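What follows is a set of notes on a single structure, which appears directly below.
Just so you know, ligand 1 is whichever comes first in the structure, and atom 1 is the first atom listed for that ligand. Quick caveat: nothing in here was measured; it's all calculated off a predicted structure.
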Amino acid sequence: MDIAVIGSNNVDLITYIDRMPTEGETLEAPSFQLGCGGKGSNQAVAAARLGSRVLMVTCVGDDIFADMTVENYRNNGIDTDHVKRAHGTSGVAPIFVDPHSRNSILIVKGANNDLTPEDVEACREQIAQCALIVCQLEIRLDTVYVAIALGEQVGVPVLLNPAPASPDFNFDWARRCTYLMPNESELTLLTGMPCDSDEGVEAAARTLVEHGCRHVIVTLGSRGAWWFTRANEGGLHVVSQRIDALRVDPVDTTGAGDAFIGAFAHRIVHGDAIPEALEYANSYAAMSVLKRGTQYSYATADEFDRWRA
Ligand code: ADP
């Protein structure tokens, strides 16, 4: 296996709306799409479609959404040996997308809360064979912490996407990851610093590196991404590299961050240096915003190569 994704699964219930109903109002919405999602699953699917061999460590419930999720992993060639089944509902995410492709998302975590530290420990050997562990914050935090500790113990680098932003997340664990990949709002919550300008993002990301984070990669939506790390020469010298987003006309940006992370992880385990992996991830995520839906918008390696050519 190349990548172990230890994270969430959801079934996305995506309603395309003209506007949000007000209290007590019933509105007709133009269209609806059911899709497999969850940050963990999205990142796993993006990496798998690009050709990585992905091990998924997650927990589904005992409903129809569980079957959909497992079938989706199989269809994408993702290893399901460590997909746990718990009693109760699976994770679901009602998502509302307006005509300007702005989205509002509710998350019902369901069985995602049943993925325990012991479940991660139970697949220690398989995880140790992987070249990268990828985690997010849509599952129990104690499970995320065990995943990061396990990575350290077995010498597998950990990529943490600290999403969704969680005030309960203990920053000490971010320092222990090789790659920390927040968007602007997650960066704000991690640092307590405003990140609504380039100056703010830079100051906050630098602070993270100064506090021990190795590689901080901030995704900035239509403004691209920004990588911060410590310079090789001694002392505390932070260096950064900015990458502009591709100029495209976005249709639906849901899941762009997950596309970016899955593609970045895929290239890193296949030997790219960080700048090359970022370039690739930036293009892959740009392609994903051209189609509606989350995983529906993730291209295979062939489709992506044709689009880039
Ligand atoms: P998240 O969904 O986690 O908030 P972002 O919105 O930061 O993630 O988007 C992740 C990446 O997707 C960006 O870094 C960029 O590469 C790409 N992206 C997002 N929106 C656009 C856009 N409008 N045009 C081009 N690329 C985009």
Side-chain angles (χ1 to χ4, degrees), residues 5 7-8 10 12 14 35 37-47 50 93 95-105 107 134-138 159-166 169 179-190 195-198 200-202 204-205 215-228 240-268 272 274-299 304 307-308:
V5 177
S8 60
N10 283 318
D12 291 340
I14 310 168
K39 290 181 191 299
S41 299
N42 291 344
Q43 293 169 17
V45 165
L50 287 169
I95 298 177
F96 304 92
V97 183
D98 79 7
H100 306 286
S101 68
R102 290 182 296 230
N103 54 51
S104 308
I105 303 176
I107 303 264
V134 175
C135 298
Q136 318 75 26
L137 304 181
E138 272 184 346
L159 183 167
L160 176 67
N161 169 220
S166 164
F169 177 69
Y179 309 97
L180 182 67
M181 299 183 61
N183 67 12
E184 291 143 296
S185 58
E186 291 139 16
L187 181 62
T188 300
L189 197 77
L190 278 173
C195 296
D196 42 15
S197 65
D198 277 357
V201 168
E202 182 167 25
H215 299 289
V216 176
I217 296 159
V218 188
T219 58
L220 302 165
S222 60
R223 286 161 41 242
W226 207 345
W227 166 43
F228 296 81
S240 76
Q241 190 174 320
R242 178 79 183 255
I243 170 165
D244 288 329
L246 266 56
R247 280 175 182 273
V248 292
D249 259 334
V251 174
D252 179 1
T253 60
T254 322
D258 295 332
F260 189 100
I261 287 165
F264 178 82
H266 166 71
R267 290 313 312 171
I268 286 290
D272 267 9
I274 291 175
E276 285 75 49
L278 285 178
E279 194 80 50
Y280 186 92
N282 191 52
S283 302
Y284 188 74
M287 184 180 177
S288 82
V289 307
L290 299 176
K291 259 194 185 171
R292 274 186 169 192
T294 42
Q295 294 178 18
Y296 288 114
S297 67
Y298 296 172
F304 181 46
W307 181 76
R308 277 208 300 174

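- Contact annotation for Leu220 and ligand 1: only backbone heavy atoms (N, CA, C, O) come within less than 4.0 Å of the ligand.
- Considering only non-hydrogen protein atoms, atom 16 (O) of ligand 1 sits nearest to Asn282 OD1, 2.7 Å.
- For atom 17 (C) of ligand 1, the nearest non-hydrogen atom of the protein is Ala285 CB, 3.6 Å.
- Between Leu160 and Phe169, the closest side-chain pair of non-hydrogen atoms falls below 4.5 Å.
- Looking only at protein heavy atoms, the nearest one to atom 6 (O) of ligand 1 is Gly221 CA, 3.4 Å.
- Using a 4.5 Å heavy-atom cutoff, the side chains of Asn10 and Asp12 are in contact.
- Put simply, the side chain of Arg242 reaches to within 4.5 Å of the side chain of Arg223, judged on heavy atoms.
- Counting heavy atoms from C-beta on, the side chains of Ile261 and Ile217 never come closer than 4.5 Å.
- Protein heavy atom in closest approach to atom 24 (N) of ligand 1: Val248 CG2, 3.5 Å.
- Polar contact check, Gly257 against ligand 1: a nitrogen or oxygen pair lies under 3.5 Å apart.
- Interface of Phe260 with ligand 1, defined as ligand atoms under 4.0 Å from a residue heavy atom, comprises 11 (C), 14 (O), 16 (O).
- Of all the listed residues (Gly255, Ser222, Ser288, Ala286), Ser222 holds the heavy atom that lies closest to atom 23 (N) of ligand 1.
- With contacts defined as side-chain heavy-atom distances shorter than 4.5 Å, the pair Leu290/Val248 qualifies.
- Nearest heavy atom pair, residue Gln43 against residue Gln136, reads OE1-NE2, 2.8 Å.
- Checked by distance only, ligand 1 and Pro250 stay at 3.5 Å or farther apart across all their nitrogen or oxygen atoms.
- In this structure, Ala245 and Gly221 approach most closely via the heavy-atom pair CB-O, 4.0 Å.
- For a threshold of 3.5 Å applied to N or O pairs, the pair formed by Thr219 and ligand 1 contains at least one separation below that value.
- Nearest protein heavy-atom neighbour of atom 14 (O) of ligand 1: Gly224 O, 2.9 Å.
- Heavy-atom proximity to Asn183, at under 4.0 Å, picks out these atoms of ligand 1: 1 (P), 3 (O), 4 (O).
- The nearest protein atom to atom 25 (C) of ligand 1, hydrogens excluded, is given as Leu246 O, 3.3 Å; this is a heavy-atom distance.
- For the residue pair Ala286 and Leu246, the shortest heavy atom distance occurs at CB-CB, 3.8 Å.
- Relative ring orientation between Tyr179 and His215 is described as parallel, the plane-to-plane angle staying below 30° on a 0-90° scale split at 30° and 60°.
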